[in-house]
Amino acid sequence: MALPPFLRPLEAYDPILAQEIEKIVSLSFQKSTLDERTRILITLALDAALGASEGVANLAGQARRLGVSDQEIADTLRLAYFTSGCSTLTTSFAAFEKKE
């Protein structure tokens, strides 16, 4: 699998690293115990949690082409929000004295 479009500029700056990342991309998206829909939805959730809106739009399109419904996408994004939101909340507790 080729480098995703957002990583292609790396080829001009560090072609050796670009080749290594391309190998990781191929490894990550090859056929595995996870089906393609699942791999795309996991990646969609991670991009959403990381604030990569272009990636979210691209992956949602890929998911739809694989037959994923808007409701399945919404459910995936709900999980992404819950997971990333809870992390923020639990980390925020460090601002306060621990009460037992």
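Start at 1 with the first residue, then count along the sequence. Values in this document were obtained by computation on a predicted structure and should not be read as measured data.
Asp47 and Gly55 make their closest contact through OD2-CA, 3.3 Å (heavy atoms, listed as atom of the first residue, atom of the second, distance). Heavy-atom minimum distance, Ala45 versus Thr76: CB-CG2, 3.8 Å. Here the shortest heavy-atom pairing between Ile73 and Ala60 reads CD1-O, 3.9 Å. Annotation for Ala63 and Leu41: closest pair CB-CD2, 4.4 Å, computed over non-hydrogen atoms. Heavy atoms only, all atoms of each residue included: Phe6 and Pro9 are closest at O-CD, 3.8 Å.
Counted by atom type alone, Gln62 and Asn58 present one or more donor-acceptor pairs between their side chains at under 3.5 Å.
For CD of Glu54, the number of neighbouring non-hydrogen atoms (other residues, nucleotides, ligands) closer than 6.0 Å is 12 at most. Sparse packing is recorded around CD1 of Ile16, with 12 or fewer heavy atoms of other residues, nucleotides or ligands lying under 6.0 Å away.
Leu79 has its side chain out of reach of Asp75: every pair of non-hydrogen atoms, C-beta onward, lies at least 4.5 Å apart.
Hydrophobic clustering (side-chain heavy atoms under 4.5 Å, transitive across Ile, Leu, Val, Met, Phe, Trp, Tyr) groups Leu44 together with Val25. Residues Leu17 and Leu7 are members of one and the same hydrophobic cluster, defined by side-chain heavy-atom contacts under 4.5 angstrom among Ile, Leu, Val, Met, Phe, Trp and Tyr. In the hydrophobic clustering of ILVMFWY residues, with side-chain heavy atoms under 4.5 Å counting as a link, Leu3 and Leu50 come out apart. Under the 4.5 Å side-chain heavy-atom criterion for Ile, Leu, Val, Met, Phe, Trp and Tyr, Leu66 and Leu77 are members of the same hydrophobic cluster.
Rounded to the nearest 0.5 angstrom, Arg39 CZ and Leu59 CG are separated by 12.5 Å. Taking OG of Ser28 as the reference point, atom CD1 of Ile21 lies at 11.0 Å (rounded to 0.5 Å). The distance from atom CZ of Arg64 to atom CD of Glu72, rounded to the nearest 0.5 Å, is 11.0 Å.
Counting only distance, with no hydrogens or angles, the side chain of Thr90 and the backbone of Ser87 share a donor-acceptor pair below 3.5 Å.
By the 4.0 Å N-to-carboxylate-O rule, Glu20 lies close enough to Lys23 to be salt-bridged with it.
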